[in-house]
Amino acid sequence: MSARGTATVTAVAKGLPALSLAEVVATSGLMSRTDRKYVLRLNDFLAVADAIGPSLHCLEIDGRRAFGYSSTYFDTPDLAIYRAHRQDRRRRFKIRTRTYTDSADTYCELKVCGRRDETVKVRRPHPAEAAHGLTSPALTFLDDALTAAYGRPAPRPLIPALITDYRRTTLVTADRRTRITCDTSLIWRSGARDLAAGSDLVLVEVKSATERNAVTEALAKLRIREQSVSKYCAGLVALGLATGGNRWRPALRRLGVA
């Protein structure tokens, strides 16, 4: 995604009231939530922003409203975690480290599929210097969390499979029940391979405690359809590292990389 996408999102965010990180966390932590994803062209993003803008606030930290993210995803050598998502298995999950590049704060995160396709995320602080690896405490955390969720520990061995880098702006509705993340400048990396998503696009995720909300209703009225897209799974397919990714082909075509 080009700098134009980041500039467009930043311009929209600039005109919104600010929320501090403490306010966002306190009012809409949303570690258990329903996620809906959309790949928007800039004119569609602007139409959505115009429709729901009066009800939006924007996360601001130290005067900034767009932030760098870098995530390293881990999988088994035969991509068992990817295959579970490809096959839409009930007990699927993702394991990653996430670094907020503006502050270097890093976490080890586990995302599992809860009831009614709810996304549940747990995390713990992780050393920034080990962002591309899993420490012994991280593995213990993952074992405990997966055992609590699914009755079994994390698979072994776990190796870094993909890195995603992007810029994110976070919007929150006035009732604090819905969060909208707007990602631009997306790049996938693995070893010597890298690939940037197409230009003039915004990857939007609507994260809410309820399935229906004002944001998804506004998108529906604009005839903008939800898209099946996983940064991790789509990235593996786009880089030619995984097969059987037909479910992500429409999103990859829209992202300009298929």
Side-chain angles (χ1 to χ4, degrees), residues 1-16 18 21 24 35-49 56 58-73 94 96-107 109 111 128 131-132 160-172 179-207 215 219 224 227-241 248-258:
M1 298 177 192
S2 72
R4 186 180 172 197
T6 299
T8 299
V9 173
T10 300
V12 169
K14 186 178 180 180
L16 301 176
L21 179 60
V24 171
D35 292 356
R36 296 187 180 278
K37 301 179 182 181
Y38 306 82
V39 180
L40 304 185
R41 300 192 184 281
L42 295 185
N43 60 337
D44 289 331
F45 174 78
L46 290 170
V48 174
L56 292 178
C58 183
L59 170 66
E60 180 177 292
I61 303 174
D62 296 330
R64 297 191 302 271
R65 297 192 174 196
F67 306 93
Y69 282 54
S70 182
S71 298
T72 299
Y73 289 85
K94 291 191 184 102
R96 71 188 180 201
T97 58
R98 168 165 285 177
T99 299
Y100 299 87
T101 58
D102 298 285
S103 65
D105 291 341
T106 303
Y107 295 86
E109 299 185 340
K111 293 176 70 174
H132 303 310
L162 185 77
I163 297 171
T164 61
D165 297 322
Y166 53 94
R167 302 288 293 173
R168 169 168 287 184
T169 294
T170 298
L171 311 179
V172 181
R179 184 184 300 169
I180 308 144
T181 57
C182 309
D183 296 343
T184 57
S185 302
L186 172 63
I187 299 174
W188 292 291
R189 295 189 285 128
S190 182
R193 304 185 188 190
D194 65 81
L195 181 65
S199 62
D200 302 333
L201 298 166
V202 184
L203 179 55
V204 169
E205 295 184 39
V206 181
K207 306 173 182 184
V215 180
L219 286 158
I224 298 172
Q227 196 97 48
S228 177
V229 57
S230 155
K231 289 188 187 74
Y232 173 57
C233 297
L236 289 179
V237 174
L239 288 174
L241 300 172
W248 295 292
R249 292 291 180 189
L252 288 172
R253 284 194 292 272
R254 194 162 178 81
L255 287 166
V257 291

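All values below come from the heavy atoms of this structure, side chains included, with hydrogens, waters and symmetry mates left out. FYI, the numbering just counts along the sequence from 1. What you are looking at is a predicted structure, and each value in this text was computed from that prediction instead of being measured.
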If every non-hydrogen atom of Phe67 is compared with every non-hydrogen atom of Asp102, which pair is closest and at what distance? CA-OD2, 3.2 Å
Identify the heavy atoms of Ser228 and Trp248 that sit nearest to each other, and give their distance. O-CD1, 3.5 Å
d(Leu219 CG, Leu40 CG) to nearest 0.5 Å is 6.5 Å
Glu205 and its side chain to side chain contact (heavy atoms under 4.5 Å, CB included) partner, picked from Thr181, Ile180, Thr170: Thr181
Non-hydrogen atoms of Val202 and Cys182 that approach each other most closely: CG1-CB, 3.9 Å
Name the residue from Arg98, His132, Arg96 that meets the side chain to side chain donor-acceptor pair (under 3.5 Å) definition with Thr72. His132
Can you tell me how far CG of Leu42 sits from CG of Leu201, rounded to the nearest 0.5 angstrom? 7.0 Å
Verdict with reasoning, Arg249 to Val237, per side-chain contact (heavy atoms from CB on, under 4.5 Å): CA-CA 8 Å; Arg249 292 291 180 189; Val237 174; 3.5 Å; yes
Ala161 backbone acceptor or donor facing Ser190 side chain under 3.5 Å: yes
Test Arg189 against every option in Leu162, Leu195, Asp194 by the side chain to side chain contact (heavy atoms under 4.5 Å, CB included) rule and name the one that passes. Asp194
Here the pair of heavy atoms bringing Ser70 nearest to Ile163 is OG-CG2, 3.8 Å
Flag, side chain of Thr106 to backbone of Ala104, donor-acceptor distance under 3.5 Å: yes
Non-hydrogen atoms of Ala131 and Thr99 that approach each other most closely: CB-OG1, 3.8 Å
Salt bridge or not for Lys207 and Asp35, using N-O below 4.0 Å? no
Over 60° means perpendicular and under 30° means parallel, so classify the ring planes of Tyr100 and Tyr107, tilted if in between. perpendicular
Of all heavy-atom pairs between Arg168 and Asp183, which one has the smallest distance, and what is that distance? NE-OD1, 2.7 Å
So how far is it from Arg41 CZ to Leu46 CG, rounded to the nearest 0.5 Å? 13.5 Å
Any donor-acceptor N/O pair, Arg167 side chain to Thr6 backbone, under 3.5 Å: no
Please confirm whether the backbone N or O of Lys231 pairs with a side-chain atom of Trp188, one donor and one acceptor, at under 3.5 Å? yes
Quick one: do Ser71 and Glu109 satisfy side-chain contact (heavy atoms from CB on, under 4.5 Å)? Show the steps, please. CA-CA 10 Å; Ser71 298; Glu109 299 185 340; over 6 Å; no
Ring-face cation of Lys111 near Tyr232 (centre distance under 6.0 Å, axis angle within 45°): no
Got a second to check how far Ile224's CD1 is from Tyr38's OH, nearest 0.5 Å? 9.0 Å
Separation of Tyr69 OH from Thr101 OG1 (nearest 0.5 Å): 9.5 Å
Side-chain heavy-atom pair Arg193, Leu241 within 4.5 angstrom cut-off: yes
Let me have the donor-acceptor pairs involving side chains of residues 58-66, under 3.5 Å, with sequence neighbours excluded, atom names and distances please.
residue: Glu60; atom: OE1; partner: Arg65; partner atom: NE; Å: 2.7
residue: Glu60; atom: OE1; partner: Arg65; partner atom: NH2; Å: 3.0
residue: Arg65; atom: NH1; partner: Ala13; partner atom: O; Å: 2.4
residue: Arg65; atom: NH1; partner: Leu16; partner atom: O; Å: 2.7
residue: Arg65; atom: NH2; partner: Leu16; partner atom: O; Å: 3.2

